2 protein chains.
Amino acid sequence: MSDDPTFKPGLEGVVAAETELSSVDGQKGELIIAGFPLEELAANARFEEVCYLLWHGELPDQPTLKTFRTTMASYRELPAATFSLLAEAAKHGASPMDALRMATGTFDLDVAGESDMVKAKAITARVPPAIATYWRLLNDREVIPPRHDLSRSSNYLYMLTGEVPGPETVRGLETYLNTVSDHGLNASTFAARVIIATESDMVSAVTGAIGALKGPLHGGAPGPALDMVFEIGSADRAETFIREKLDRGERLMGFGHRVYKVRDPRADVLARAAERMYRAEGDMALYELAKHVEATAIRLLDECKPGRNLRTNVEFYTALLLHGIGLDTPIFTPTFAMGRVAGWIGHCFEQQRNGRLIRPESAYIGQKGRQWVPIEQR
Amino acid sequence: MSDDPTFKPGLEGVVAAETELSSVDGQKGELIIAGFPLEELAANARFEEVCYLLWHGELPDQPTLKTFRTTMASYRELPAATFSLLAEAAKHGASPMDALRMATGTFDLDVAGESDMVKAKAITARVPPAIATYWRLLNDREVIPPRHDLSRSSNYLYMLTGEVPGPETVRGLETYLNTVSDHGLNASTFAARVIIATESDMVSAVTGAIGALKGPLHGGAPGPALDMVFEIGSADRAETFIREKLDRGERLMGFGHRVYKVRDPRADVLARAAERMYRAEGDMALYELAKHVEATAIRLLDECKPGRNLRTNVEFYTALLLHGIGLDTPIFTPTFAMGRVAGWIGHCFEQQRNGRLIRPESAYIGQKGRQWVPIEQR
């Protein structure tokens, strides 16, 4: 590795953008979304309000929100090309994230000449129907057309199951989507900004972001955190199970975060959302087990890795909450995209306003002065 | 704007990666591709040799190249899903770059379980057939199936026109593709690295890169440079036309570059390729006119903008060369992607080897401490 002082591997510590969308303070365990502490916003706002907030900087009043929701809902039908593509992808057994990326690339086919705000609404409206449609196609179940009288979250669960979900389940999902709606310059958001900064279009940017979100290093893999709870199965097995895992040097999924050095503020919000949802409409036994596993894990991590201060991260309660909502593990990450798309698009608008090409440099560490040798002489 | 010293707008001057793939020295006007000065490589190598070089670090010997070309050629058929998608996109009149982005997202549907090297070959093999297929669909012409006995470049022109091109035309196209095969951390290459750095997949990375390449700020818009030559029409009108344009304060397309402060080395290589191709198989009158326009433009730029040292950039000769090859202006940028895909994939392999998440920071400049107001009170 070069000792060039301008080389910043992973761009760590480099500020690549100024933003009014969110602030992540890992030392304080604080997340601000468009001026609101996460705790203030997540459990109160409908997701469409958060979209409006991230795109316009202010919360909408009642008539504005009504128009905003109605317009957005009007784009829920997928273009015919999107539907055919999902059907083809299902024949190949593509992963739900690959299918969502492919589908997203086609979301503006019927609104190509419209404004970016129209495209923003069409993209945001179509992510949930694309996930639900694909998940049913992949599982050989009949596709359920969208309903326009339901909220975006409620319609998502309806298109997945055919049943209109209860209010606490919808509230749980909306709290999750709000919680993950934006989070500084994470890799997918950064990818979106790099793409839109060339003055490319919003579908290209969001498609790139979904491609980045797919990668396991992004942190969008909450499934395994819950797997441990299922594996443990009953509270009395927790201590032995976790201690053996730690003794073998294995990592506990759902604990620790690259940025947050104290408790991840999103974990608290999601823990409360999960408790509320499970108490009203869920399986309390699973909830109690998860709480016990969490407490045991924290205690044993403090004992086995003193000073590391590893705390429950967003993935643990994401998994618990999304499972309680009735989602299958393979669509956890697509559902993450369903929330984060609000932030991606907010960052696209912001990047367009402050437009500047994002073009870092590379340091060449290869050979020089090679001479061409015709293939006959190789 | 904040005065935070870690804020690097556009990441200018920040080294985000070390690479053995290419070196761009704007002060010297020097471009090195995998150890070779551009001038040494571009006019000599077949494009498949450059792919192999960028992916393996060495030029292939004869049997290796033969296998490499044959394997790559075997992926020229587009998956059925890709073809249907292109047909749907054509119904909507999507731009060729949007169509290529959508198509690329589907390139691994039939090779999803294969190695990244297989995916690299499939993606690289399928870009030209996707462009040619889409261009014919968009223009209501019958689609021409690929031929496997032709080189990738020759097959591209065959699929566009139905005719096997002459050797100098193919040589001209290959020289162009080699010339644009890699160019440091340009925005599309950087997008690809950001995406693959999350341990996402190659199709996601290349799809994101195509989305970035589409943007006009990327510099992939060679069409307008030639438009001026056509508008001028005859040599005697050049001086008046250009002088009037400069007097009106308009920019001359095809001159000047953000990075190269002296002559763009790619312009020289492409100028020679254009001359050779036009002399053997092209319209010499157009070539002579373009040379005259270039010389006049340089003279008048030096006169009107002394000290700026604006020189012919890669776009001017790209446009002349690609037009001479017989390509229509709307597929110039997709044809750029057809060359750059070798570099994108090389960077993906390199990023995978040195794997590290690329995650810069953002500086929050928004409000804090906003309090939730229920919608009834707004």
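On a predicted model such as this, the values are computed, not experimentally measured, just so you know. In what follows, every chain begins at residue 1, and chains take the letters A, B, ... in the order their sequences are listed.
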TODO: Determine the option with the most heavy-atom pairs under 4.5 angstrom with chain B, choosing from A:Asp201, A:Leu41, A:Thr207.
DONE: A:Asp201

TODO: Nearest 0.5 Å please: distance from the CG atom of A:Asn44 over to the CD atom of B:Gln371.
DONE: 11.5 Å

Task: Closest approach of A:Glu376 to B:Gln62 (non-hydrogen atoms, all atoms of both residues) - done: CA-NE2, 3.5 Å

- [ ] Go through A:Pro37, A:Pro60, A:Gly369 and name the one with the most non-hydrogen pairs under 4.5 angstrom from chain B.
- [x] A:Pro60

Task: Between A:Gly105, A:Ala81, A:Gly208, A:Ala17, the one whose heavy-atom pairs under 4.5 Å with chain B are most numerous - done: A:Ala17

Open item on the list: Between B:Leu53 and chain A, with a heavy-atom cut-off of 4.5 Å, which part of the residue counts as in contact: side chain, backbone, both or neither?
Closed with: side chain

- [ ] Taking only Lys NZ, Arg NE, NH1 and NH2, and the carboxylate oxygens of Asp or Glu, determine whether B:Glu58 and A:Arg370 approach each other closer than 4.0 Å.
- [x] yes

TODO: Take B:Thr106 and A:Glu88, measure what side-chain contact (heavy atoms from CB on, under 4.5 Å) needs, and give me the verdict at the end.
DONE: CA-CA 10 Å; B:Thr106 66; A:Glu88 289 284 346; over 6 Å; no

TODO: Would you mind reporting whether A:Arg359 and B:Leu11 have side-chain heavy atoms less than 4.5 Å apart?
DONE: no

Task: Between B:Glu20, B:Arg378, B:Arg193, the one whose heavy-atom pairs under 4.5 Å with chain A are most numerous - done: B:Arg378

Open item on the list: Looking at every heavy atom in both A:Gly184 and B:Ser362, which two are closest together, and how far apart are they?
Closed with: CA-OG, 3.7 Å

Open item on the list: I'd like to know if A:Glu30 and B:Lys368 make a salt bridge, using a cut-off of under 4.0 Å between side-chain N and carboxylate O.
Closed with: no

Task: Atom pair CE/CG of A:Met102 and B:Asp108 - distance to nearest 0.5 Å - done: 6.5 Å

TODO: Measure the spacing between NZ of A:Lys8 and NZ of B:Lys8 and express it to the nearest 0.5 Å.
DONE: 7.0 Å

- [ ] Among the options B:Ala205, B:Ser84, B:Ala34, B:Ala80, pick out the one with the most heavy-atom pairs lying under 4.5 Å from chain A.
- [x] B:Ala34

TODO: Return the minimal non-hydrogen interatomic distance between A:Ile195 and B:Ala191, and the atom names on each side.
DONE: CG1-CB, 4.1 Å

Open item on the list: Set out, in order, the CA-CA distance, both residues' side-chain angles and the distance that settles side-chain contact (heavy atoms from CB on, under 4.5 Å) for B:Leu65 and A:Ile375, then state yes or no.
Closed with: CA-CA 9 Å; B:Leu65 179 62; A:Ile375 189 148; 3.2 Å; yes

Open item on the list: Counting only non-hydrogen atoms closer than 4.5 Å, does B:Ser22 touch chain A with its backbone (N, CA, C, O), its side chain (CB onward), both, or neither?
Closed with: backbone

- [ ] Show your working on salt bridge (charged side-chain N to carboxylate O under 4.0 Å, His left out) between A:Glu12 and B:Arg356 and close with a plain yes or no.
- [x] CA-CA 10 Å; A:Glu12 211 166 331; B:Arg356 184 185 176 119; 2.6 Å; yes

Task: Within-4.5 Å side-chain heavy-atom neighbours: B:Val14 and A:Glu361 - done: no

Open item on the list: Quick check on B:Leu85 against chain A: is it the side chain, the backbone, both or neither that has a heavy atom closer than 4.5 Å?
Closed with: side chain

- [ ] May I ask you to name which of A:Pro374, A:Gly366, A:Ala192 has the most heavy-atom pairs under 4.5 Å with chain B?
- [x] A:Gly366

Open item on the list: Just verifying a value: how many Å separate B:Ile32 CD1 and A:Gln367 CD, rounded to the nearest 0.5 Å?
Closed with: 10.5 Å

- [ ] Mind listing the closest non-hydrogen atom pair of B:Gly35 and A:Tyr364 along with its distance?
- [x] N-OH, 2.9 Å

Task: chain A contact via B:Asp98 - side chain, backbone, both or neither, heavy atoms under 4.5 Å - done: side chain

- [ ] Among the options B:Glu40, B:Lys214, B:Met97, pick out the one with the most heavy-atom pairs lying under 4.5 Å from chain A.
- [x] B:Glu40

Task: Heavy-atom proximity to chain A below 4.5 Å, by part of B:Ala112 - done: neither

Open item on the list: Ignoring hydrogens, what is the shortest heavy-atom contact between B:Val15 and A:Ala363? Give both atom names and the distance.
Closed with: CG1-N, 3.6 Å

Open item on the list: Distance check, rounded to the nearest 0.5 Å: A:Leu213 atom CG versus B:Ser204 atom OG?
Closed with: 10.0 Å

Open item on the list: Nearest 0.5 Å, please: how far is CZ in B:Phe190 from OG1 in A:Thr198?
Closed with: 13.5 Å

Open item on the list: Quick check: closest heavy atoms across B:Leu357 and A:Leu217, and the distance to 0.1 Å?
Closed with: CD2-O, 3.8 Å

